[in-house]
Amino acid sequence: MLELDILRDKREEVIAGLKKRGVGKDILEAVDTAVVLDEKRKTLQKQMDDQLAQINNISKEIGSLFGRAKAGDEDAREKAEEAKKKVADFKALVSKVESEHQEVKAKISELLYDIPNVPHHSVPAGAGEDDNEVYQDAAKALPELGEGAKPHWELGEEYKLFNFEWGTKLTGSGFPVYTGKGAALERALISFFLSEATMAGYLEVMPPLMVNEDTARGTGQLPDKEAQMYHVEKDNFYLIPTAEVPITNIYRDVIVTEEDLPIKLTGYTPCFRREAGSYGADVKGLNRVHQFDKVEIVQLSHPEESYEQLKGMLKQVEGLLIKLGLPYRILRLCGGDMGFTSALTFDFEVYSPGQKRWLEVSSVSNFETFQSNRMKIRYKNGKGKPTLVHTLNGSALALPRIMAALLEMNQTENGITIPEVLVPFTGFDIIRKN
RNA sequence: GGUGAGGUGGGUGAGUGGCUUAAACCACCGGUUUGCUAAACCGGCGUACGGGGAAACCCGUACCGCGGGUUCGAAUCCCGCCCUCACCGCCA
């Protein structure tokens with residue numbers, strides 16, 4: 001949620017930024033409407049506060065009048081009764097202003113919830129993924145695996161690494177069961193990613209996999225992305241679509257000390273996504289599933305340092321891909337392809353030689369104050385004034401597509417070789433048939 | 001799931017309808033004193049929104065788990081919910 005001050009004081013920048021996202025006219029209008037309503041809100045609050053102050057003063061008088069009346073002062077008793085009537089009049093006025101005030105406040109926050117984050121100045125305008133900018137292409141020479149290169153779903157079957165039928169039987173499509181060395185490799189990748197993150201100074205946390213409504217609202221999954229989450233109705237809990245949700249919300253309504261920044265957290269969790277409306281090659285094999293494993297990195301940063309921290313996170317993710325020996329490229333997302341809450345997002349894609357296509361494996365974003373404003377995550381600046389932090393997060397990394405690319409890249413006549421960095425975590429260096 | 005006790009500022013904790021403008025202590029910050037450190041003493045010490053001001057700051061309103069209600073007036077009384085603790089039941 002954007003801050004109202006920004007909508008008012010930097011209106012032109014906000015409008016220009018939102019246009020890069022290609023938002024509709026209604027959203028652009030919401031910017032001005034919110035500012036106008038906020039002026040109305042201030043007027044109403046002044047009225048309300050003044051009236052309440054009157055009531056408070058009269059009530060105090062009544063208190064002392066009653067004291068005198070008890071001592072036998074009949075005159076005071078009469079005065080007290082008169083004062084009561086005066087309060088009743090004020091209360092009638094107040095309740096009218098108060099409900100109007102509430103109404104205006106509710107309208108303002110409705111409008112604010114509908115306005116997406118303003119893109120960073122470096123974000124290119126664009127409608128969708130075709131307009132994303134290749135920021136860095138490390139895959140100079142794409143691997144040639146010859147005619148025999150198989151996609152990971154064939155390898156998975158051949159080497160018995162995962163079983164989609166079992167998952168379909170147990171739950172439904174998109175819930176794979178990992179088996180044997182496939183399960184072991186999955187586990188090893190999780191350990192490897194966590195180990196790299198903690199060595200880079202991130203504190204490991206294992207959060208709950210279900211969250212309440214306030215938490216889902218904090219990081220922006222509610223109200224606009226409700227349909228993407230699984231909902232446990234009986235308890236009104238949501239299955240997390242990413243560890244970002246519980247991990248960032250740990251600091252909801254917290255004022256941290258400036259010296260504690262940046263706060264760096266990492267966590268492994270399964271992620272649950274309903275992802276309605278996909279089909280075809282997109283959902284084949286491990287390309288897109290409803291439940292998958294991911295290691296997430298999260299930072300709460302000083303506003304002046306957040307873009308420096310973002311670079312550090314890119315380096316972190318890049319390091320993982322280099323160590324795994326996977327060809328990758330980095331995209332700077334255009335306005336139309338960026339998430340609702342993000343100011344700047346870089347996507348990492350690895351090359352899948354068996355499918356001859358790029359697969360997204362990480363998304364690293366700076367949300368600036370968009371999330372922290374909703375969550376009220378603040379630090380005290382030099383003057384002791386609470387100030388919103390910047391929040392950032394990134395996948396480091398999402399497992400299924402890494403698994404897919406890894407298997408496809410390392411297939412040989414003798415079996416699937418394991419990258420050297422993973423061997424301490426797997427305990428084996430090659431996967432052979434049976 | 002049952003029964004009981006609770007939820008007050010950063011922490012401990014007093015307050016059962018108006019002398020509360022939420023006491024006191026601890027922690028923290030500033031000052032005085034002082035070979036140094038410490039102690040002692042004095043002062044300050046929450047959040048949000050609004051009004052005034054160039055600013056320091058001043059003023060108003062709201063906030064004692066959350067939401068309603070009673071009352072001229074609620075941390076205090078009433079109702080609902082959430083959470084914590086203890087014991088019982090169930091259980092990996």
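Letters A, B, ... mirror the listed sequences (proteins, then strands); counts begin at 1. The shown structure was predicted, so the numbers you read here are calculated from the model rather than taken from an experiment.
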Report the base-pairing partner of [N] (Watson-Crick or G-U wobble, both distances below 3.5 angstrom), or none.
{"N": "A39(B)", "value": "none"}
{"N": "A74(B)", "value": "none"}
{"N": "G89(B)", "value": "none"}
{"N": "A56(B)", "value": "none"}
{"N": "C63(B)", "value": "G46(B)"}
{"N": "A5(B)", "value": "U84(B)"}
{"N": "A23(B)", "value": "none"}

Determine the interatomic distance between [atom1] on [N] and the same-named atom on [M]; round to the nearest Å.
{"N": "G89(B)", "M": "G2(B)", "atom1": "P", "value": "16 Å"}
{"N": "G52(B)", "M": "G68(B)", "atom1": "C1'", "value": "36 Å"}
{"N": "A56(B)", "M": "U61(B)", "atom1": "P", "value": "22 Å"}
{"N": "G17(B)", "M": "C26(B)", "atom1": "P", "value": "30 Å"}
{"N": "U3(B)", "M": "U8(B)", "atom1": "C1'", "value": "26 Å"}
{"N": "U21(B)", "M": "A74(B)", "atom1": "P", "value": "12 Å"}
{"N": "A22(B)", "M": "U47(B)", "atom1": "C1'", "value": "16 Å"}
{"N": "G53(B)", "M": "G46(B)", "atom1": "P", "value": "24 Å"}

Side-chain N or O of [X] less than 4.0 angstrom from OP1 or OP2 on [N]?
{"X": "K60(A)", "N": "C72(B)", "answer": "no"}
{"X": "R41(A)", "N": "G50(B)", "answer": "yes"}
{"X": "R378(A)", "N": "A48(B)", "answer": "yes"}

What is the distance from [atom1] of [X] to [atom2] of [N], rounded to the nearest Å?
{"X": "E98(A)", "N": "C49(B)", "atom1": "CD", "atom2": "C1'", "answer": "14 Å"}
{"X": "L65(A)", "N": "G73(B)", "atom1": "CG", "atom2": "C1'", "answer": "13 Å"}
{"X": "D5(A)", "N": "A48(B)", "atom1": "CG", "atom2": "P", "answer": "12 Å"}
{"X": "K105(A)", "N": "A48(B)", "atom1": "NZ", "atom2": "C1'", "answer": "9 Å"}
{"X": "K42(A)", "N": "C49(B)", "atom1": "NZ", "atom2": "P", "answer": "10 Å"}
{"X": "K46(A)", "N": "G50(B)", "atom1": "NZ", "atom2": "P", "answer": "13 Å"}
{"X": "I255(A)", "N": "U47(B)", "atom1": "CD1", "atom2": "C1'", "answer": "7 Å"}
{"X": "E78(A)", "N": "C72(B)", "atom1": "CD", "atom2": "P", "answer": "18 Å"}

Under 3.5 Å, N/O pairs linking protein and nucleotides 57-62 of chain B:
unit_1: G60(B); atom_1: N2; unit_2: D49(A); atom_2: OD2; d: 2.9
unit_1: U61(B); atom_1: OP1; unit_2: N56(A); atom_2: ND2; d: 3.3
unit_1: U61(B); atom_1: O2'; unit_2: D49(A); atom_2: OD1; d: 3.1

Before accepting this row, confirm whether a basic side-chain N of the pair K169(A)/E165(A) lies closer than 4.0 Å to the acidic partner's carboxylate O.
no
Do R8(A) and D5(A) sit within salt-bridge range, that is, some charged N less than 4.0 Å from a carboxylate O?
yes
RNA chain B nearest-nucleotide lookup for G63(A) and I55(A): closer to the 5′ end is G63(A)
Categorize K380(A) for me: base, sugar-phosphate, or nothing, with a 4.0 angstrom heavy-atom threshold over every strand shown.
sugar-phosphate
Can you pull out every ring-ring contact (aromatic ring centres under 6.0 Å, His included) where at least one residue sits in residues 243-275 of chain A? Sequence neighbours excluded, please.
none
With sequence neighbours left out, which residue pairs that include part of residues 182-218 of chain A fulfil the ring-ring contact (aromatic ring centres under 6.0 Å, His included) condition?
F192(A)-F425(A)
Once base and sugar-phosphate atoms are separated, protein heavy atoms under 4.0 Å mark nucleotides 66-71 of chain B, 5' to 3', with B, S and - as ------
Donor-acceptor pairs under 3.5 angstrom involving side-chain atoms of residues 118-128 of chain A: please list them, not counting sequence neighbours.
unit_1: H120(A); atom_1: ND1; unit_2: S122(A); atom_2: N; d: 3.3
unit_1: H120(A); atom_1: ND1; unit_2: S122(A); atom_2: OG; d: 2.8
unit_1: S122(A); atom_1: OG; unit_2: R332(A); atom_2: NH1; d: 2.9

Walk me through whether Y135(A) and F346(A) qualify under ring pair (Phe, Tyr, Trp, His ring centres under 6.0 Å).
CA-CA 8 Å; Y135(A) 173 73; F346(A) 292 97; 4.7 Å; yes
Would you please name every residue forming a side chain to side chain contact (heavy atoms under 4.5 Å, CB included) with T198(A), sequence neighbours left out?
E204(A), T266(A)
Sorted by chain and number, sequence neighbours left out, side chain to side chain contact (heavy atoms under 4.5 Å, CB included) with E308(A) holds for K311(A)
If we ignore hydrogens and angles and just use 3.5 Å, is the side chain of K376(A) paired with the main-chain N or O of N373(A) as donor and acceptor?
yes
Quick one: ring-ring contact (aromatic ring centres under 6.0 Å, His included) partners of F367(A), sequence neighbours excluded?
none
Name every donor-acceptor pair, under 3.5 Å, that has one atom in a side chain of residues 33-40 of chain A and the other anywhere in the protein, sequence neighbours excluded.
unit_1: T33(A); atom_1: OG1; unit_2: E29(A); atom_2: O; d: 2.8
unit_1: D38(A); atom_1: OD1; unit_2: R41(A); atom_2: NH1; d: 2.2

Mind checking whether Y379(A) and H302(A) have parallel, tilted or perpendicular rings, split at 30° and 60°?
tilted
